[in-house]
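Structure, as structure tokens:
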Amino acid sequence: MKIGLKARRLALAAGISAAAGVGVCLLALAIAPALVPQGEVRRAATEALAASAGRDVRIDGESRFSLVPYPRIVLQRVTLAMPGTSALESEQVVARLRLLPLLLGRADVSSVTLRRPILTMSGAVEVPHLSLAPFVRTPTAPSLRIEDGTIAWRDSGGLTQELVSGISARLDHSSGGKGLSASADFTWRDKTTSGRLTVADASAFLDGMDSDTRLDLFSDGATLKFRGVAAAGANPAAEGDIALDSPDLRSVLNWVGTTPPTSGGFGRFSFGARLSAHGREISLTPAYVEMDGNRGEGGLTLKLDGRRPSVEGTFAADAMNITPYGRKSLTGNGGRDWDHGHLDVSLLHKADLDLRLSANSIRADDSLFERVASSVVLRGGRLLASVGEAQAWGGLLRATLSVAPAEAPAHGTAVRVEMDGNGVALEKALGDIADIRRLEGKGDIQASISGQGDSIYAIAQSLGGAVSVKASAGAIVGLDVAQALRHLEQRPLSGGGDVRGGRTSFTTMEAKAQIVDGKATLDTARITGRQVQLQLAGSVSVADRTLDLKGDASLVNGSGEGTKFELPFIVQGTWDNAFVMPDAQSLIRRSGAAQPLLDAVRSRGGDAAVRSVIEQISKPSPLLPTGAKTAN
């Protein structure tokens, strides 16, 4: 009983105390406006905003003092002075007041909130910012808040476009007033982004001395983090670890306005490095990069003190698979013509680059390149990419690619390719390089070609240089010359003979061509096998992708010695649908029974009738696509 009585007394006392406290608060709220004039509160709020934002303040609207739910003054239509033609206007500014100083007749602002501010930029100005110095130098400066802010751009015609919207930000002191804590959430290009920054010693940071710093950025699953020390001042610097992760790098690049160079790949991406930044030079060493399952390690140096950013670096990888990125197609119209699309090389003028890349193996589709050592150098819009040496297509490969503006701007882009392949598999090599898959065997390929234009088609039209191919123990796929010759040897007038399908094996092959203005003229073209020998002369139009060749085919003894049957022929048509036609006059001369027939035809119809008979004898035989078979 005594315990219950004491409990009731304690509860009663607590209730009376609470009621008294509430009464005191209500009394304080009632008399507070009388203790501090509203003009003084307005002045204190204006000074607090100027101190936190670091800008002069102008109030164009009314002010309203309120005590519920907390002491505050609301300022209408507030403008902050900004440099140039920029303007920062806030629909409202709310200054929150501390109650105790207010009761003592003093206006003490704890925080300032800008509601629905709009920063409007126009003209050629730098992006303005709020100065942190006044806030940092005054540990008692009020915290700064932004609610539903907007950054907009106004063009010369007066049209205003929102760039960043939904800005929610705050700026606070930390570590007992010594540090700085800033955060922001906003929407840019339809994606919500969040940022967090903490600086342990803000004054030291602004004075150019190192201070512990943490930075975090988040957007649509992508993150950027920095942990280390940093300093601002006249010579900004940073030392620490930086990491960037994204589940889809392609979406990030598109978001920031950069188009990925290929239609495939650029999926999951991770980058990490030890950052050392001093002034306008940034070192990222050691560093690693992971993308689409590939990983490389090395280092980068970025310099920003020239006309263009300059990047130097070295990366090495164990095994890489570049299949997801596809291959640059040089053709259009279903592969029947060169691509006529405009070559956009504007990216070559954005930066200078010097990269050294090496890998134990690189896979592209079903092709494997091993022990690859390459470099990419970009200077003043001139690109030089080279493969010093690589094991490719079963042999060794060395190659360089040069891309630069043509001497005459109207001629577009100048391109030069140098390639030296030794002991390579021809079907794989020519298939990967030019989509030509009619030659088998191992051999050497040397090429030095160049052209200029504003499209692949224009470059093909101006192409010049030299190409040579030597091979052994191979075959021409898609035609059987020996079978056709044996058929014509026995029955010269039975038709042109069908060379389609099958293979023409050879022991050696050699071809050399000079290219001028997109037209290749054969200097040498000789194929020797155990059954046939072929010699070719004529031209190949690289620009039009057509053939105009003449040749001699010889059927030889099985030992490769002695000629059993010879026949001239011509090859004409497009690369994809060429026709092989034997020389009709030779066929007729080989048939003793045909000469009286021609004499009779000539006596009745003249030369026109003779030509008609010859055309019927020498019907062309089209080459089948690689891998196709003739019907039995």
Side-chain angles (χ1 to χ4, degrees), residues 220-222 244-272 287-298 300 311 313-332 334-335 338-339 341-348 350-351 353-378 383-388 390-393 397 399-403 413 415 417 419 421 428-437 455-456 459:
D220 198 29
L244 172 63
D245 292 278
S246 172
D248 186 5
L249 181 60
R250 178 174 296 274
S251 65
V252 174
L253 293 176
N254 289 329
W255 179 53
V256 299
T258 300
T259 302
T262 66
S263 59
F266 291 89
R268 175 161 290 281
F269 175 82
S270 294
F271 175 82
Y288 74 88
V289 59
E290 294 182 1
M291 186 165 66
D292 300 318
N294 300 313
R295 180 183 174 96
E297 297 182 354
L300 288 172
V311 181
T314 301
F315 273 89
D318 181 20
M320 296 179 61
N321 184 359
I322 62 174
T323 303
Y325 309 106
R327 299 186 182 185
K328 171 62 178 176
S329 176
L330 304 181
T331 60
W338 298 114
D339 188 0
H342 177 72
L343 280 177
D344 184 5
V345 294
S346 59
L347 286 178
L348 300 183
K350 300 295 185 182
L353 189 66
D354 189 347
L355 286 180
R356 299 291 184 268
L357 308 171
S358 61
N360 287 333
S361 67
I362 299 178
R363 178 169 295 280
D365 294 326
D366 57 350
S367 297
L368 183 64
F369 303 85
E370 297 179 299
R371 300 172 64 181
V372 180
S374 63
S375 65
V376 180
V377 178
L378 177 61
L383 173 68
L384 179 63
S386 64
V387 177
Q391 294 181 355
W393 307 307
L397 170 69
T400 61
L401 168 67
S402 172
V403 180
T413 302
V415 178
V417 176
M419 191 190 77
K428 293 288 295 180
L430 295 176
D432 287 347
I433 296 170
D435 200 25
I436 298 174
R437 305 184 186 276
S455 67
I456 299 298
I459 293 174

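For this chain, numbers begin at 1 and follow the sequence in order. Computed from a predicted model, the values in this text were never measured in an experiment.
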Query raised in the report: Does CZ in Arg295 sit with more than 12 non-hydrogen atoms of other residues, nucleotides or ligands closer than 6.0 Å?
Result: yes
Report task. State the OG1-CG distance between Thr314 and Leu300, to the nearest 0.5 angstrom. Result -> 8.5 Å
Report task. Over all heavy atoms of both residues, which pair between Ile322 and Ala364 is shortest? Give the atoms and the distance, please. Result -> CG1-CB, 3.8 Å
Requested in this report: Indicate the atoms forming the closest heavy-atom contact of Leu343 with Ile459, along with that distance.
Outcome: CD1-CD1, 3.6 Å
Report task. Report yes if some heavy atom in the side chain of Ile362 is under 4.5 Å from a heavy atom in the side chain of Glu370; otherwise report no. Result -> no
**Report entry** side-chain hydrogen bond (donor to acceptor under 3.5 Å, both in side chains) against Asp339, all qualifying residues, sequence neighbours excluded
**Finding:** none
Report summary line: Per side-chain contact (heavy atoms from CB on, under 4.5 Å), Leu383 is matched among Val345, Leu347, Leu348 by Leu348
Query raised in the report: Can you name the closest pair of heavy atoms from Asp365 and Thr323 and give their distance?
Result: N-OG1, 2.7 Å
Query raised in the report: What distance do Met291 atom CE and Phe269 atom CZ have between them, rounded to the nearest 0.5 Å?
Result: 7.0 Å
Please tabulate, for side-chain N and O atoms in residues 353-361, each donor-acceptor pair with protein atoms closer than 3.5 Å (sequence neighbours left out).
residue: Asp354; atom: OD1; partner: Arg356; partner atom: NH1; Å: 2.5
residue: Asn360; atom: ND2; partner: Asp318; partner atom: OD1; Å: 2.9

Query - Minimum side-chain heavy-atom gap Gln391-Phe369 below 4.5 Å - result: no
Query - ring pair (Phe, Tyr, Trp, His ring centres under 6.0 Å) involving Phe315 - partner list, sequence neighbours excluded - result: none
Please table the atom pairs, donor to acceptor, closer than 3.5 Å between any side-chain atom in residues 245-252 and protein atoms at least two apart or in another chain.
residue: Asp245; atom: OD1; partner: Ser270; partner atom: OG; Å: 2.7
residue: Ser246; atom: OG; partner: Asp248; partner atom: N; Å: 3.2
residue: Ser246; atom: OG; partner: Asp248; partner atom: O; Å: 3.2
residue: Asp248; atom: OD1; partner: Arg250; partner atom: N; Å: 3.3
residue: Arg250; atom: NE; partner: Gly265; partner atom: O; Å: 3.3
residue: Arg250; atom: NH1; partner: Thr262; partner atom: O; Å: 3.1
residue: Arg250; atom: NH2; partner: Thr262; partner atom: O; Å: 2.8
residue: Arg250; atom: NH2; partner: Gly264; partner atom: O; Å: 2.9
residue: Arg250; atom: NH2; partner: Gly265; partner atom: O; Å: 3.4
residue: Ser251; atom: OG; partner: Asp248; partner atom: O; Å: 2.8

Report summary line: Sorted by chain and number, sequence neighbours left out, ring pair (Phe, Tyr, Trp, His ring centres under 6.0 Å) with Phe271 holds for none
Query raised in the report: If you measure from CG on Asp292 to CE on Met320, what distance do you get to the nearest 0.5 Å?
Result: 10.0 Å
Query - Non-neighbouring partners of Ser402 that pass side-chain hydrogen bond (donor to acceptor under 3.5 Å, both in side chains), sequence neighbours left out - result: none
